[in-house]
Amino acid sequence: MRVLEVALPLPLPPLTYLAPLGQEAVDPVGLRVAVPFRGEVRLGVVVGEGGRPSPHLRHAIAYLDEAPYLRLEEILFLEEAARFLFAPLGQVLADLLPPFPPLRHRVRLYPGADPKVLPPGLQALATWQEARGFDPKLLDLLREAGVLEEEVAFKEGKRVLLPLRERHPDPALDGVLQTLRALGQAESLAALARAAGVGVGRVKRLLEEGYVGYGRPRPRPRPAQALPPLPPPQGVERVNGGRFLERVRLLRGLVAEGEHLVLFPEVSLLERFLAYFPEARAYHGGLSWEEREEVFRKPKGLVFATYGGLLLPFTPRRLVVVEEGSESYKLPSGSRAFVPLLAELRARLLGVPLVYLSLVPAVEVVDRPGKVFPVPKPRAVVVDLGAEKGYPLSGRAWALLRQVEERGRQALVLSARRSYSAFLLCADCRFKPTCPDCALPLRYHKEEGVLRCHQCGHQETPPPLCPRCASPLLEPRGPGLGWLQEELKKGLSLPVLRYAKDAKDDLGPLLEGAPGVVVATTAILRGPVLPELALVVVPYAEGFFLESDFRAAERYHRLLWALTELRPGRRPLLLLQTYHPHHPAHRALLQADVEAFVREERDLRERHRYPPALRMVKLEVAHRREEKALEQAFALLEALQGVAGPEEVLGPAPAPVPRVKGLYVYHLLLRGSTERLRELLAPLDRRRFKLDPDPHRFVGLLED
């Protein structure tokens with residue numbers, strides 16, 4: 001009998017099953033399969049065969065594909081990615097696999113089986129029944145007893161009415177057909193009849209005569225702007241700089257012929273590029289499962305995808321990674337992969353070239369052969385908060401904002417904080433209210449009249465007096481969106497709107513060109529383009545780069561350049577208020593050099609043996625008792641004694657925020673090559689810690 005290795009989209013290695021009864025002759029590798037698992041039916045993918053049949057092995061229930069869903073190339077990639085990420089193969093599969101279509105699952109007692117074997121209440125199983133109405137554990141008992149017959153298949157996806165022919169000889173019916181052709185598709189016969197202003201009978205005639213029919217929804221045609229391709233230089237592995245439309249043309253040159261896969265860090269950027277590529281097929285989590293299934297089953301041509309596109313079963317001529325340094329490529333849970341590293345692995349295994357395309361290069365790729373296109377010199381002003389007066393906005397910021405007001409233009413004021421202020425502070429004893437469950441000050445939300453923790457959600461009413469010294473001088477410190485909006489409304493007659501992930505005012509009038517000011521977080525980078533944007537103000541730049549994270553400065557550098565491209569065409573004036581006016585990122589911006597800071601940062605990390613000089617993994621332990629968390633952290637260090645060298649382990653040390661959601665958090669950092677890290681992790685009990693390969697954030701708990 002055939003023995004299957006089945007990968008379930010769970011944090012597990014492949015599990016072993018016997019082939020479904022009656023289907024031993026089917027070549028199973030790459031097929032989706034339904035299997036019994038812990039009293040339920042789960043769907044997985046057959047990733048291999050082998051091993052000896054055993055009476056303890058259970059039979060898989062049914063295959064769900066006629067042709068392989070994954071090729072051998074994708075299975076090899078999953079195996080190598082699991083080794084690279086120090087994660088179970090099933091976890092990597094869960095991260096990259098598109099959602100399965102809805103399942104149709106019917107069960108009944110095998111014909112000829114004695115109904116007496118049925119537990120009370122299951123007599124209906126003498127005939128076919130939907131499995132959903134029965135206790136999965138009882139069904140599993142019958143399955144294991146060998147008396148349960150099952151039918152498992154995917155349900156048909158949504159069907160719509162589509163035109164099948166060009167014209168109909170009957171003018172009345174042809175009018176209905178042309179209405180459908182203009183619409184592209186209709187939800188139903190009745191919907192088409194309403195749109196055409198006729199009775200349903202005429203639409204039925206078209207259906208009966210074969211002029212219209214049901215099929216899968218078709219993507220609606222997208223209006224596109226034609227731009228001539230700009231062929232990139234031969235042999236380059238990265239392309240940087242230029243204006244946005246120049247990078248669009250460069251991408252057009254990269255994907256001019258054949259099949260290509262282009263990866264994007266987020267849907268908003270994908271759709272921005274998609275407007276110039278009508279032939280491209282989109283593949284991302286914002287699509288319905290039918291649309292994703294359609295692309296996954298038949299990937300071809302030019303595909304624009306987010307991280308899940310790495311598992312698409314085809315071999316592109318080239319793989320392009322757009323904005324490879326974006327933190328959005330870091331998966332926040334699951335295997336916690338950093339997608340550009342997996343893209344490198346995928347391209348190498350497929351034997352296809354990989355090209356990075358971005359405004360500024362990431363530190364990890366700056367040494368690769370590349371071409372940097374000139375960028376327009378940014379219009380930027382750096383205000384030294386140590387020398388100029390004005391808080392939270394300096395005199396120069398107000399002067400520029402009033403110019404925007406006088407000329408009827410638009411401005412953006414960017415903040416790193418969503419609240420009114422970072423905290424409340426007693427002017428007498430320096431007390432500030434902190435979260436009882438996190439080692440963080442409570443953010444002050446003046447509009448709601450609450451103090452709130454942005455880590456755990458705890459909130460409380462602001463005290464009228466200082467709880468420590470009874471002083472009435474509890475003052476907000478660290479301006480956030482609310483504070484800035486309040487100040488701007490006092491000083492300007494323009495509309496002042498807010499734009500953040502959790503609160504978006506209607507920007508409609510501004511999108512039509514009306515003057516105004518938007519106070520926003522970095523969510524505005526993924527939002528609509530303000531057509532009359534003339535000024536961008538960052539009141540407190542340190543809020544973006546003074547973080548306990550060695551990548552914070554690189555993120556800030558990337559943010560500055562992104563701000564210069566907020567408005568296509570003429571770049572807005574960028575005003576930065578900072579206590580660090582000579583920061584390397586500021587120097588590089590003023591010099592219009594997209595590489596200078598990155599190379600300086602690369603040299604700094606090289607000296608300290610930080611990525612990309614070596615790979616790094618973060619081990620996190622957390623416990624409600626601090627002494628227990630510390631004990632677990634040192635137990636990990638002890639397990640590494642004799643295995644790791646002194647330069648290979650950093651810590652244990654408290655996390656930058658040492659207490660989060662009631663848990664005390666400690667970190668150990670391991671450094672080395674992938675093989676060396678695997679050796680260091682081998683003696684450790686993986687149940688005792690959470691692992692983050694190639695970490696990008698050090699604040700907050702790792703998600704499960």
Participant: Walk me through whether Glu601 and Arg551 qualify under salt bridge (Lys or Arg N to Asp or Glu O under 4.0 Å).
Facilitator: CA-CA 9 Å; Glu601 183 75 5; Arg551 298 183 189 272; over 6 Å; no
Participant: Go through the steps to decide whether Glu542 and Thr578 satisfy the test side chain to side chain donor-acceptor pair (under 3.5 Å), and finish with yes or no.
Facilitator: CA-CA 6 Å; Glu542 281 74 6; Thr578 176; 2.6 Å; yes
Participant: Between atom CG of Leu494 and atom CD of Gln410, what is the distance when rounded to the nearest 0.5 Å?
Facilitator: 9.5 Å
Participant: Run the side chain to side chain contact (heavy atoms under 4.5 Å, CB included) check on Val538 and Leu575 step by step: do they pass?
Facilitator: CA-CA 6 Å; Val538 181; Leu575 184 136; over 6 Å; no
Participant: Within a strict 4.5 Å, meaning less than it, do heavy atoms of the Glu565 and Trp561 side chains meet?
Facilitator: no
Participant: Measuring from Gln455:CD to Cys435:SG, what's the distance to the nearest 0.5 Å?
Facilitator: 9.0 Å
Participant: What is the minimum heavy-atom distance between Gly242 and Arg247, and which atoms define it?
Facilitator: O-NH1, 3.0 Å
Participant: Verify salt bridge (Lys or Arg N to Asp or Glu O under 4.0 Å) between Arg599 and Asp367, making sure each step is shown before the conclusion.
Facilitator: CA-CA 8 Å; Arg599 293 193 178 279; Asp367 284 334; 3.5 Å; yes
Participant: State the CD1-OH distance between Ile524 and Tyr499, to the nearest 0.5 angstrom.
Facilitator: 5.5 Å
Participant: For the residue pair Ser394 and Gln577, confirm or rule out a side-chain donor-acceptor distance under 3.5 Å.
Facilitator: yes
Participant: Measure from the side-chain N and O atoms of Arg671 to the backbone N and O of Glu647, and report whether any donor-acceptor pair falls under 3.5 Å.
Facilitator: yes
Participant: Below 4.0 angstrom, N of the basic side chain to O of the carboxylate: do Glu547 and Arg555 qualify?
Facilitator: yes
Participant: Could you walk me through whether Val617 and Asp694 pass the side chain to side chain contact (heavy atoms under 4.5 Å, CB included) test, one step at a time?
Facilitator: CA-CA 5 Å; Val617 297; Asp694 312 298; over 6 Å; no
Participant: Report the relative orientation of the aromatic rings in Phe545 and His583; use parallel for angles under 30°, tilted for 30 to 60°, perpendicular for over 60°.
Facilitator: tilted
Participant: Can any side-chain N or O of Arg452 pair as donor or acceptor with the backbone N or O of Leu442 at less than 3.5 Å?
Facilitator: no
Participant: Just wondering, do Leu451 and Pro463 contact through their side chains at under 4.5 Å, heavy atoms?
Facilitator: yes
Participant: To the nearest 0.5 Å, what is the distance between CG on Asp384 and CG on Leu576?
Facilitator: 12.0 Å
Participant: Is Glu388 salt-bridged to Arg396, going by a charged N under 4.0 Å from an acidic O?
Facilitator: yes
Participant: For Arg418, is there an ion pair with Glu448 - N to carboxylate O distance below 4.0 angstrom?
Facilitator: no
Participant: Do the side-chain N and O atoms of His458 and Glu460 include a donor-acceptor pair separated by under 3.5 angstrom?
Facilitator: yes
Participant: Between Lys618 and Pro695 (side chain of the first, backbone of the second, donor and acceptor by atom type, cut-off under 3.5 Å), is there such a pair?
Facilitator: no
Participant: Please evaluate residues Val375 and Arg243 with respect to the criterion side chain to side chain contact (heavy atoms under 4.5 Å, CB included), reporting the C-alpha separation (whole Å), side-chain torsions for both, the decisive distance (0.1 Å), and the verdict.
Facilitator: CA-CA 6 Å; Val375 293; Arg243 298 175 184 265; over 6 Å; no
Participant: How far does CG of Asp692 sit from CZ of Phe698, to the nearest 0.5 angstrom?
Facilitator: 7.5 Å
Participant: Are Glu486 and Lys446 close enough for a salt bridge, meaning some N to O gap below 4.0 Å?
Facilitator: yes
Participant: Got a salt bridge between Glu246 and Arg252, using NZ or NE/NH1/NH2 to carboxylate O under 4.0 Å?
Facilitator: no
Participant: I'd like to know if Glu600 pairs up with Arg602 as an ion pair, taking the criterion as any Lys NZ or Arg NE/NH1/NH2 lying under 4.0 Å from an Asp or Glu carboxylate oxygen.
Facilitator: no
Participant: Give the minimum heavy-atom separation between Ala416 and Phe544, together with the two atoms involved.
Facilitator: N-CZ, 3.6 Å
Participant: Quick one, Arg409 with Glu532, criterion salt bridge (Lys or Arg N to Asp or Glu O under 4.0 Å). Give me CA distance, side-chain angles, the key distance, then yes/no.
Facilitator: CA-CA 6 Å; Arg409 306 292 291 281; Glu532 295 298 323; 3.3 Å; yes
Participant: Does Arg587 use its side chain to pair, donor to acceptor, with the backbone of His582 at less than 3.5 Å?
Facilitator: yes
Participant: Using distance alone, with no hydrogens and no angle criterion, decide if Arg571 and Thr564 have a side-chain donor and acceptor under 3.5 Å apart.
Facilitator: yes
Participant: Carefully, step by step, assess Arg605 and Glu554 under the rule salt bridge (Lys or Arg N to Asp or Glu O under 4.0 Å).
Facilitator: CA-CA 12 Å; Arg605 294 192 201 170; Glu554 184 187 4; 2.9 Å; yes
Participant: Roughly how far, to the nearest 0.5 Å, is the CG atom of Leu525 from the CG atom of Leu563?
Facilitator: 6.0 Å
Participant: Hey, are Glu595 and Arg238 close enough for a salt bridge, meaning a charged N less than 4.0 Å from a carboxylate O?
Facilitator: yes
Participant: Quick one: closest heavy-atom pair of Gly478 and Trp483, and the distance?
Facilitator: N-CZ3, 4.0 Å
Participant: Just wondering, are more than 12 heavy atoms of other shown residues or ligands nearer than 6.0 Å to NZ in Lys501?
Facilitator: no
Participant: Is the distance between the ring centroids of Phe597 and His586 under 6.0 Å?
Facilitator: no
Participant: Is there a side-chain contact between Asp437 and Lys661, using heavy atoms and a 4.5 Å cut-off?
Facilitator: no
Participant: Looking at the rings of Phe273 and Phe244, which for Trp means the six-membered one, are their centres under 6.0 Å apart?
Facilitator: yes
Participant: Which atoms form the tightest heavy-atom contact between Ser358 and Glu324, and what is the distance?
Facilitator: OG-OE1, 3.1 Å
Participant: Counting heavy atoms not belonging to Arg407, are there more than 12 under 6.0 Å from its CZ?
Facilitator: no
Participant: Using a cut-off of 6.0 Å, state whether more than 12 heavy atoms not belonging to Tyr356 lie near its atom OH.
Facilitator: yes
Participant: Where do Leu560 and Leu574 come nearest, in terms of heavy atoms and distance?
Facilitator: O-CD2, 4.1 Å
Participant: Hey, does Leu566 have a side-chain heavy atom less than 4.5 Å from the side chain of Leu412?
Facilitator: yes
Participant: So, Ser328 and Glu266: side-chain donor and acceptor under 3.5 Å apart, yes or no?
Facilitator: yes
Participant: Are the ring centres of Phe304 and Phe277 closer than 6.0 Å?
Facilitator: yes
Participant: Walk me through whether Leu497 and Val519 qualify under side chain to side chain contact (heavy atoms under 4.5 Å, CB included).
Facilitator: CA-CA 6 Å; Leu497 306 176; Val519 182; over 6 Å; no
Participant: Can you check whether Ala422's main-chain N or O pairs, donor with acceptor, with Arg417's side chain at less than 3.5 Å?
Facilitator: no
Participant: Would you name the heavy atoms of Cys426 and Leu474 that are closest together and state the gap between them?
Facilitator: N-CD2, 3.7 Å
